[in-house]
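From a predicted model like this one, the values you see are computed outputs, not experimental measurements. The sequence lines fix the lettering, A, B, ..., with proteins before strands; numbering per chain opens at 1.
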Amino acid sequence: MPGIDIEGVAMRFGQVDALKDVSLRVPEGAFVTLLGPSGCGKTTLLNIIAGFLAPTRGRVLFDGQDVTGLRPEARDTAMCFQSYALFPHLSVQENIAFGPRQKRLERAETARRVTGLMEQLGLAPHAAKLPNALSGGQQQRVALARALAVAPGVVLFDEPLSNLDAKLRDQVRTEIRDLQRRVGFTAVYVTHDQAEALAMSDTVFLLNGGVIEQSGGPRDIYFRPRTRFAADFIGAANLHDGPISGGAMDTPFGPVPVDAPDAAHRTLCWRPEVVRLTEAGALSGKVAHVAFQGGWLDLFVTAGGQTLRLQVSGTHDIPEGATIRFDIPREAVVVLKDGANA
Amino acid sequence: MWTLPRLQTLLASLLTAVFLLWLIVPFAMALLWSLVDPGTPWSYPDILPPALSFERWTLMWETTTLSTAMFNSYTLAPVAAVTAIVLAAPTAYAFARIDFPGKAAAQIVTLTPLVLPGFVTAVFFASILVSFGVYSRYGAILLGHVVLFIPYAVRILTVSFAQVNQEVINAARDLGASGWGVFRAAFWPVLKPGVLASFLIVFILSIEEFALAFIVGSPSFTTIPTILFSYLGYDFIRPNAAVVALILVVPNVLLMLVLERLLQSANPANVSGKG
Ligand SMILES: Nc1ncnc2c1ncn2[C@@H]1O[C@H](COP(=O)(O)OP(=O)(O)OP(=O)(O)O)[C@@H](O)[C@H]1O
Ligand SMILES: [Mg+2]
């Protein structure tokens with residue numbers, strides 16, 4: 001189970017810089033996600049780790065060993081592909097046995113692994129079927145079983161759940177995480193779904209335009225975004241531009257508290273659900289629109305031509321047009337690095 | 001009521017009937033003509049030949065070079081087909097899977113033999129062969145057929161190679177497959193129909209090729225089309241020509257049936273690996 005180090009990796013396709021100087025570290029046995037919008041270089045980075053692409057610059061290390069020039073078949077990785085990439089002429093069983101057979105594993109051991117994985121992933125009833133005869137979720141599981149059958153130290157996932165419906169996605173997501181803990185492998189998981197990234201990862205690497213915009217634990221990356229992009233891409237965010245003085249920024253809603261020294265121009269950011277509704281609140285605004293979401297309530301509050309998004313428990317019943325007072329905890333407000341004049 | 005499915009069934013059966021007539025009528029006529037007894041000619045106004053015998057068949061087989069011509073054609077065709085496929089494969093691979101400068105131009109150039117009239121190519125090809133010192137008729141025609149029909153193989157195989165899913169190739173490598181393992185798992189299932197189709201097409205084109213075989217080979221070296229020509233030419237004897245035509249058509253039909261079977265078992269929809 002190797003740890004992975006990416007050192008200053010860049011990848012250029014003709015005129016396109018798919019990756020520009022990416023460095024990251026994946027500890028042994030960790031589950032990390034590469035999160036980012038379409039075209040930000042996620043698949044490219046995964047292909048470089050797997051060995052399908054040679055980076056234009058930089059190195060890839062497994063446990064400190066330089067593997068940059070190593071062929072994919074010689075690396076301790078297995079990939080779950082975006083399109084599954086099952087062998088269409090081989091049955092489920094043969095697909096799963098493909099890796100062990102190529103690696104000339106003993107017959108009995110191959111059979112043991114294949115049966116074991118089919119049991120674990122509920123594929124036993126489909127053993128003899130061709131991939132064409134399976135549903136998307138089943139194909140996804142075959143792809144997973146096929147990758148795990150070679151007992152890899154690193155499993156690379158390329159948006160494995162993007163073709164599944166919401167319910168199945170939740171289920172397979174949990175299965176993957178369970179399996180990773182049980183079997184024990186280092187996982188690099190690519191997704192453009194922030195909820196998936198937050199729910200699954202030990203560490204999230206947020207990619208944008210071929211560079212790592214921010215990395216950290218799910219809570220850290222969600223509640224303490226460092227850039228406008230990070231604030232925007234991961235969930236909803238409220239932003240304020242202006243001067244900070246005496247530990248607060250004056251806004252049309254009232255003073256927003258912040259733990260930062262005085263400055264002429266800054267951008268503050270906080271998440272909608274950190275808000276506390278209270279009669280004694282220092283901030284106030286008029287409720288322009290209410291959206292009931294079941295578990296929670298989205299409030300769109302205006303003042304001085306600006307709109308904020310607040311999220312409160314769904315048990316509140318607040319009419320549109322009401323004026324509400326609220327507080328924002330000081331520790332929940334962050335100053336963005338690429339905000340005004342920062 | 002005329003429902004759409006019924007209309008479709010009707011049209012399909014009609015079409016099948018027309019095709020059958022179109023195939024069977026000439027075939028039956030040829031069969032009848034080939035069985036005409038040499039002693040009692042079939043002439044107007046008889047609707048059917050007055051006497052039938054196999055005498056023409058034995059006569060033709062024994063007195064002509066038909067067997068040699070068949071041997072020539074039926075060894076030339078598969079060898080030409082296999083050679084064309086082997087030579088076309090690397091080019092097709094490059095066209096389908098590698099980007100290189102001048103690719104579009106190269107693709108057009110490889111197709112030009114298709115638009116040149118066969119006789120033009122044949123005449124110049126014959127003289128080139130002689131100046132290169134290739135005097136073997138068999139070798140010359142083989143070479144000629146390979147050169148003439150390689151474009152078809154390139155064209156078909158390019159499509160096949162393009163259908164191979166890169167992610168399936170990557171998956172095979174990722175799971176530890178060597179070059180041969182990758183070929184078997186990712187390439188061959190997708191290429192198979194294209195290879196069979198190329199084989200079939202080059203085989204049939206070679207069997208039917210006349211211009212080059214005639215210019216390079218005649219009069220001493222015969223292939224099926226050139227010998228057929230000699231029966232259709234100046235001294236046209238209908239029953240004899242019918243015998244030749246029938247002998248020629250039977251192996252082709254068998255071949256078609258066999259390859260059709262193979263093609264069906266390798267339906268690209270099952271193996272393209274898309275989706
Ligand atoms: N083989 C290639 N040739 C040229 N450009 C490429 C190639 N592969 C990727 N690119 C470009 O590199 C950039 C990053 O591509 P990549 O596939 O890594 O994105 P991604 O983050 O995986 O996106 P998605 O979420 O849509 O899968 C894109 O602009 C893409 O067009
Ligand atoms: Mg991708």
Side-chain angles (χ1 to χ4, degrees), chain A residues 13-14 43 46-53 70-90 94-105 110 130-136 139 142-152 154-156 158-159 163, chain B residues 93-106 157 159-197 259 261-275:
Chain A
F13 295 110
T43 300
L46 217 55
N47 282 337
I48 288 173
I49 299 175
F52 302 137
L53 286 175
L70 210 58
R71 290 164 298 124
E73 49 270 44
R75 296 188 188 196
D76 189 15
T77 60
M79 178 107 113
C80 274
F81 293 86
Q82 203 161 358
S83 68
Y84 310 143
L86 299 176
F87 304 117
H89 61 297
L90 298 182
E94 291 165 331
N95 260 285
I96 301 173
F98 184 86
R101 280 187 189 150
Q102 294 300 323
K103 302 204 160 161
R104 309 232 176 284
L105 223 68
T110 304
L130 287 181
N132 266 357
L134 300 178
S135 73
Q139 290 186 36
V142 178
L144 188 60
R146 185 181 66 173
L148 294 179
V150 293
V154 177
V155 181
L156 307 167
D158 194 357
E159 310 206 19
N163 297 331
Chain B
Y93 178 87
F95 282 165
R97 307 199 70 85
I98 303 175
D99 267 323
F100 55 90
K103 181 159 141 180
L157 291 178
V159 175
S160 296
F161 271 113
Q163 279 175 341
V164 180
N165 184 342
Q166 182 63 43
E167 288 207 332
V168 177
I169 300 175
N170 286 355
R173 295 189 63 192
D174 202 40
L175 295 166
S178 58
W180 174 241
V182 173
F183 178 77
R184 281 220 342 223
F187 281 89
W188 180 242
V190 183
L191 293 183
K192 200 162 108 187
V195 169
L196 289 175
L259 283 174
R261 259 293 145 76
L262 288 176
L263 275 176
Q264 254 174 11
S265 70
N267 182 351
N270 293 333
V271 295
S272 73
K274 304 263 151 99

* Identify, with sequence neighbours excluded, every residue that meets side-chain hydrogen bond (donor to acceptor under 3.5 Å, both in side chains) alongside A:E94. => A:S91
* Any idea which heavy atoms bring B:R173 and A:P72 closest together, and the distance? -> NH2-CD, 3.1 Å
* What is the minimum heavy-atom distance between B:A171 and A:A85, and which atoms define it? ->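 Result for this residue pair: CB-O, 3.9 Å.
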Hey, could you give me the [atom1]/[atom2] distance between [X] and [Y], rounded to the nearest 0.5 Å?
X	Y	atom1	atom2	value
A:F52	B:D174	CZ	CG	4.0 Å
A:K103	B:L175	NZ	CG	7.0 Å
A:F87	B:R184	CZ	CZ	11.5 Å

* Return yes if some donor-acceptor pair links the side-chain N/O of B:E167 with the main-chain N/O of A:S83 below 3.5 Å, else return no. => yes
* Look at A:R104, A:R71, A:E73 and state which one has the largest set of heavy-atom pairs under 4.5 Å with chain B. =>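 Top option by heavy-atom pairs under 4.5 Å: A:E73.
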* Contact part of A:R146 toward chain B, heavy-atom cut-off under 4.5 Å: side chain, backbone, both or neither? -> both
